[in-house]
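Beneath this line is the structure, given in structure tokens, with notes to follow.
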Amino acid sequence: MKTLSKIYESQFFEDALYKEWEESGFFNPDICIQKGITEKDAQSFCIILPPPNATGILHIGHSTMLAIEDLLIRYHRMRGDKTLWLPGTDHAALATQEKVERLLWENDKKTRHNLGRETFLHHVDAFVEKSRDTMRMQMRKMGSSLDWSREAFTLDKKRNIAVNTAFKKMFDDGIIYRGDRIVNWDPKMQTTVSDDEIEWKEESVPFYYFQYGPFVIGTSRPETKFGDKYIVVHPDDTRYAQYKHGETFEVEWVGEKKITATLIKDRAVDPEFGSGAMTITPWHDTTDFDIAERHSLNKEQIIGYNGKMLPIAGDLVELDIFQARKKIVEKLKEKKLLVRIEENYIHNIAINSRGGGFIEPQIKRQWFVNVNKTFTRNGKEVSLKSLMQEAVRSKKINIIPKRFEKTYFHWVDNLRDWCISRQIWYGHQVPVWYRGEEIYCGITSPSEDGWKQDPDTLDTWFSSGLWTFSSLGWPDKTKDLQMFHPTSVMETGYDILFFWVARMILMSTYLLDEIPFKTVYLHGLVRDEQGRKMSKSLGNVIDPLTLIPQYGTDAIRLSLLIGSTPGNDLRLGEEKIAQYRNFTNKLWNIARFILSQKKEGSPFIENISSISLDSSHFILSQMAMLITNVTSDIDTHQFSQAGEKLRDFTWNTFADWYIEITKFEENKEETQEILFFIFKDLLKLWHPFMPFVTEALWKEMGYREHFQTMIFVSPWPQKGLYKKKGTPHSSENFSSLIILTQAIRAVRAQHHIAPNKKISLTLCITKSSPEFFSLVQRNLPLVTKLKTGIENIHLQKEPFIFETPHISHSLDDKISFHIPLLESIDADKEKARLDKEREEIIQCLFSINTRLKNPDYKEKAPQHLVKETQKKQKELLERKKEIEQFLKNTL
RNA sequence: GAGUCCUUAGCUCAGGGGUUAGAGCGCUACGUUGACAUCGUAGAGGUCAGUGGUUCGAUUCCACUAGGACUCACCA
């Protein structure tokens, strides 16, 4: 007979099982159809894996993503859907280039310019290939059932064609334009950066007030003030009412000569702030740029792209901004133009979050995506913005949790034109060529000579935005695209809603006139036990890979799935993982027990023909409920709830009750059949949560051999059979028996009756149906064995007549049991316990009585509730009466 | 400045207009020589942050208050 080791040792199973899964080919939906696992005309279910950045290794956040997505994928595969989970990596241009540049400097003290574009890019490619290998291995370790045959990369050749195709269409439609506009410039990395990639840091700096003609102006950035010749106030500011818009002044300023300043009135000025008057620097400030645009003012560059002052700064030329700031303040002070300084002015400075430097707004000629330009689509005037809004507003896309819809709309509503060109080398090059004044945009380079390509590359998110369809082969009209797009679920962290999810909606609706996915499921961030973000500097990072050998992948997956709800952060400590490791082991040992019961040659039943035991009806009916609940919970994306129900059933109902009961049932043939039958489906229900141990047990238990299939491609359990055999009625009755058993144990514990002390017990079943009475009668031997320590049990239909003192306990108005007073039993204690129960009943009755006395309640509350309340009132009254009788007669 | 979320048992969190509010861990007491000490049995522990409103009924919905977390915008 087959036996299992005492403990589930995950490390001996996981890698081999993954290899078997992968080699079976069934991660690929085409092979599932070929081999008849999936019907040809089955519906499709598809998730495109959010591609991890090519910069490094996967962290526990990625594990969450993989656990949730693999759960969905495995579930749908078992449901018989054409199921595809497509893996890939994101080239993450800015972050990757920054990392490789840093490594290059650390190792060889070289910059990318030392190497030249081509050699540098070879370096990056090599780095990326290595880290992709690491990530592929990590995803396999997590058990991810990804279709590796379809793996894609945001920067491979196919995706380049997709990017160029998208760019060209947008260019031709006038959605992409080239313009001189203010952008976020990172002088350190020498590139523009998108609004979303900027991090703001609070900083305390001095705030200066200068005399500027008749005005006092305030600034925290004096170094930008060289060229200022416009003074702006709010049109309604009474302090400046005497001056007219467009009026000019001769003003003493930094240089030797006076300058001519013009007054501009604009509502962008906040009269409450500073002196209510400011000068503007349109080249280096977004607000100032907008004001200058509105009034057609001149714009002058003060700071170079290298972050140093330009010749306009006179003798301060080539100084960096901080040096220049000091110097100019000194100068103005000498000229007696410095009015005062406020120290500790708090303002925010912008930093490139991808490892760059301080952002300096600059005007640059860049490529932009116009999000407001209107065009005609299906006979309607639309813009990219309106397409993005419509996709969610129309409920075509469902965001889970719903509250993030608000965040989404807020972001879309405030979206500005998207700067898509970058001056870094790594990435998709802008597919535009120049020859003199001519511009050519195409998917491939022009055939004639003399054209020079735009050296800039595209924002990574431009290619990521295409991901749901570029990964499926677009712009070719592939079978995959037809079959799997729109994809089913986009599962990702809520922190990436803007960066990515919104841009995918933009690209997909515009280019394909299709939504990219039907459901967006946003998971929370994984935090440490104290609720802090995990970071290298805090040293609180949990690396999934180091935990796997100790706890097993299944335990890690469970600890990420159970107890977490969409959109909410999850606290994770090793203790929690250990807890689920224990559960994995519990499941293993349940199997070990069942297997030990199996007689050689006993059959696997696929259809339960005859059931005789009440416990069998009970467990079958409970299982039917479980299948229904777990299925619907997964369908409604309530994974944690599904997991909790499974754990509760497995540990409590199945292991602690049913298995314990089978030990005392006489009909071993039947209990064995039932055990094997239920456990088979229990493993299936668990499989999407904990793929390894379930697949291992499926094999060890002999299911694999019998059904000639691995569990991950076996069909999802059907509740039909259970429902037919396990009648809810008998299940309910049997539950009463369980409650009775618990009550007997509790009474024993409360009275400190020694565990080995046997008792006699009288059980009164009054006012019950004959079926219930006979069920109890049939199962009396069971009750005596289930840790109740009963020696003699006496069952009667009549109320108990007291001749000697007894402890009496009633469960409801039907069942009560009575134990003769022993020396060990403290009568006062029992009296106190009953008094307490009586008090509780009286309180409960009070609230019920008040409710029933209220005429509005009877009138307005649903009738069934009123009836239930009345019934409850009756029951409580009887129980109270009974207790009072016990107190009077027996103690 | 705008917005979102959270506040439920000692801890971590579910839940949800319907009456005696749940889980896991922890705690207390007890038990166990063959499925499992990575176990079992029983128990203690909560005016569901506060105030007001809507309702027959609020822990749940609404408003405000207090504390905490986050996101967006960014004002010279």
Side-chain angles (χ1 to χ4, degrees), chain A residues 3-4 6-8 195-196 200 207-208 217-221 224-225 228 232 268-270 272-281 285-288 291 347-348 350 401 403-404 406-407 410-411 414 494-495 497-498 525 529 531 555 562-565 567-573 575-576 578-597 638 640-641 644-645 647-648 651 655-656 659-660 663 742 745-750 752 754-756 786-788 840-841 843-844 847-848 850-851 854-862 864-866 868-869 872 876:
Chain A
T3 53
L4 299 178
K6 244 182 151 171
I7 290 171
Y8 170 57
D195 292 348
D196 299 312
W200 296 86
F207 191 77
Y208 306 92
I217 56 145
T219 184
S220 60
R221 296 202 60 186
T224 62
K225 296 295 165 199
D228 288 6
V232 190
V269 178
D270 176 6
E272 305 285 316
F273 188 85
S275 60
M278 67 174 184
T279 60
I280 55 166
T281 315
D285 186 282
T286 323
T287 316
D288 294 2
I291 294 172
H347 82 153
N348 289 322
R403 67 185 141 92
F404 280 99
K406 277 188 191 170
T407 325
H410 184 255
W411 187 81
N414 294 306
Y494 65 73
D495 52 334
L497 181 68
F498 310 127
L525 306 177
E529 279 162 303
I562 299 181
S564 89
T565 42
N568 292 326
D569 294 350
L570 173 75
R571 289 191 193 195
L572 184 70
E575 224 176 86
K576 187 173 175 190
Q579 205 177 298
Y580 286 107
R581 186 261 330 263
N582 295 357
F583 177 75
T584 317
N585 193 58
K586 182 76 184 180
L587 191 71
W588 179 263
N589 272 289
I590 290 171
R592 191 161 173 249
F593 173 79
I594 296 176
L595 210 53
S596 74
Q597 297 299 104
Q638 294 173 281
S640 175
Q641 214 172 91
E644 278 176 58
K645 284 173 190 166
R647 181 186 51 191
D648 180 59
W651 208 315
D656 289 347
I659 285 187
E660 290 308 312
K663 290 179 182 171
Q742 275 173 323
R745 287 172 184 167
V747 166
R748 287 189 65 117
Q750 265 159 17
H752 301 284
N756 54 356
L786 290 167
K787 298 197 176 180
T788 48
E840 280 169 7
I841 289 172
Q843 261 181 28
C844 191
S847 90
I848 285 180
T850 344
R851 205 174 319 142
N854 186 344
D856 281 342
Y857 175 73
K858 276 193 184 165
E859 213 174 285
K860 293 180 183 168
H864 72 275
L865 274 174
V866 179
E868 270 171 42
T869 311
K872 183 106 195 180
L876 285 173

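Throughout, protein chains are lettered first and strands after them, A, B, ... in sequence-line order, and every chain is numbered starting at 1. Given the structure is predicted, the values throughout are model-derived calculations rather than measurements. All values below come from the heavy atoms of this structure, side chains included, with hydrogens, waters and symmetry mates left out.
Nearest to the side chain of A:T565, among B:A76, B:G18, B:A14, sits B:A14. For A:S847, whose side chain is taken as the heavy atoms from C-beta onward, the closest listed nucleotide among B:C25, B:U38, B:U20 is B:U20. Out of B:C74, B:A35, B:A76, the shortest distance to the side chain of A:E660 is found at B:A35. The A:A746 side chain lies nearest to B:A42 when the options are B:A42, B:G40, B:C56. Of the listed nucleotides (B:A42, B:U20, B:C39), B:A42 has the atom at the smallest distance from the side chain of A:A749. The side chain of A:N589 has B:A35 as its nearest neighbour among B:A76, B:A35, B:G43. Comparing B:G15, B:C39, B:C72 by their closest approach to the side chain of A:F498 singles out B:C72. Nearest to the side-chain atoms of A:W651 among the listed nucleotides B:C74, B:C36, B:G40 stands B:G40. Side-chain proximity of A:R403 to B:C75, B:C30, B:C5: nearest is B:C5. Side-chain proximity of A:K872 to B:U20, B:C39, B:C75: nearest is B:U20.
A distance-only check finds a donor-acceptor pair linking the side chain of A:R745 to the backbone of A:L786 [under 3.5 Å].
Comparing B:U8 with B:U71, their C1' atoms are spaced 26 Å from each other, to the whole Å. For the P atoms, the distance from B:C13 to B:G18 is 24 Å, rounded to whole Å. Across B:U60 and B:C48, the matching P atoms stand 9 Å from one another, rounded to whole Å. Taking the C1' atoms as reference points, B:G31 lies 45 Å from B:G67, given to the whole Å. For the C1' atoms, the distance from B:A2 to B:A21 is 36 Å, rounded to whole Å. If you take atom C1' in B:G15 and the same atom in B:A58, they sit 15 Å apart, rounded to whole Å. Look at the C1' atom in both B:C25 and B:C64: the space between them is 37 Å, to the nearest Å. Spacing of C1' atoms, B:U54 relative to B:C62, comes out at 7 Å, to the nearest Å.
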According to the Watson-Crick and G-U wobble definition with distances under 3.5 Å, which dot-bracket string, read 5' to 3', encodes RNA chain B, using [ ] for crossing pairs and | for pairs with another strand? (((((((..((((....[...)))).((((((....).))))).....(((((..]....))))))))))))....

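Put simply, the residue from A:L525, A:T407, A:N568 that forms a side chain to side chain contact (heavy atoms under 4.5 Å, CB included) with A:Y494 is A:L525. Tested against A:T281 for a side chain to side chain contact (heavy atoms under 4.5 Å, CB included), the candidates A:D288, A:T219, A:T287 yield a single pass: A:D288.
More than 12 heavy atoms of other residues, nucleotides or ligands shown are found within 6.0 angstrom of CD on A:E868. Crowding of A:K645 atom NZ: a count of heavy atoms from other residues, nucleotides or ligands under 6.0 Å exceeding 12.
Counting non-hydrogen atoms under 4.0 angstrom, A:D288 reaches nothing in the nucleic acid. A:N348 comes within 4.0 angstrom of a nucleotide base, judged by non-hydrogen atoms across all strands. At a threshold of 4.0 angstrom between heavy atoms, the contacts of A:W411 with the nucleic acid are absent. Residue contacts for A:S220: at a heavy-atom cut-off of 4.0 Å it reaches the sugar-phosphate backbone alone, with no base atom in range. Within the 4.0 angstrom heavy-atom criterion, no nucleotide atom of any strand lies near A:K645. Here A:T584 lies out of heavy-atom contact (under 4.0 Å) with every strand. When heavy atoms are screened at a 4.0 angstrom cut-off, A:K6 is found touching the sugar-phosphate backbone but no base atom. At the heavy-atom level, A:V269 lies under 4.0 Å from base atoms of the strands shown. Residue A:R647 is in sugar-phosphate contact alone, with no base atom involved, counting any heavy-atom pair closer than 4.0 Å across all strands shown. A:L876 comes within 4.0 angstrom of a base, heavy atoms only. Counting non-hydrogen atoms under 4.0 angstrom, A:Y8 reaches nothing in the nucleic acid. Note on A:P862: a base of the nucleic acid sits closer than 4.0 angstrom, heavy atoms only. At a threshold of 4.0 angstrom between heavy atoms, the contacts of A:I594 with the nucleic acid are absent. No engagement by A:E272 is indicated, since no non-hydrogen atom pair under 4.0 Å with the nucleic acid exists.
The distance from atom CG of A:N582 to atom CG of A:L587, rounded to the nearest 0.5 Å, is 13.0 Å. Note that CG of A:L595 is 13.5 Å distant from CD1 of A:I590, once rounded to the nearest 0.5 Å. One distance of note links CG of A:D569 with CG of A:D495; it measures 9.0 Å at 0.5 Å rounding. A distance of 3.5 Å separates OG1 in A:T279 from NZ in A:K225, rounded to the nearest 0.5 Å. Rounding to the nearest 0.5 Å places CD of A:Q579 at 9.5 Å from CD1 of A:I562.
The CD-C1' distance, from A:Q579 to B:C11, rounds to 12 Å in whole Å. One interatomic measurement links the two molecules: NZ of A:K860 to C1' of B:U54, which rounds to 12 Å at whole-angstrom precision. The distance from atom CD of A:E868 to atom P of B:U20 is 12 Å, rounded to the nearest whole Å. Spacing between atom CH2 of A:W200 and atom P of B:A2 amounts to 19 Å, rounded to whole angstrom units. Between A:K787 atom NZ and B:C30 atom C1' the separation is 11 Å, expressed in whole Å. Summarising the geometry, the separation between CZ on A:R221 and C1' on B:A76 is reported as 11 Å, rounded to the nearest angstrom. A:N585 places its CG atom 10 Å from the P atom of B:C36, with the value rounded to the nearest Å. Distance A:N568 CG to B:C5 P: 11 Å, rounded to the nearest Å.
At B:C75, one or more side-chain N or O atoms of A:T287 fall inside 4.0 Å of OP1 or OP2 (strictly under the cut-off).
Contact of A:Q641 with B:A23 (side chain to base): no donor-acceptor pair of N or O atoms is detected under 3.5 Å.
Each of A:L570 and A:H347 has a nearest nucleotide on RNA chain B; the 5'-most of these lies closest to A:L570. Each of A:N582 and A:Q742 was matched to the nucleotide of RNA chain B holding its nearest heavy atom; the match closer to the 5' end belongs to A:N582.
The shortest distance between side-chain heavy atoms of A:W588 and A:I7 does not fall below 4.5 Å.
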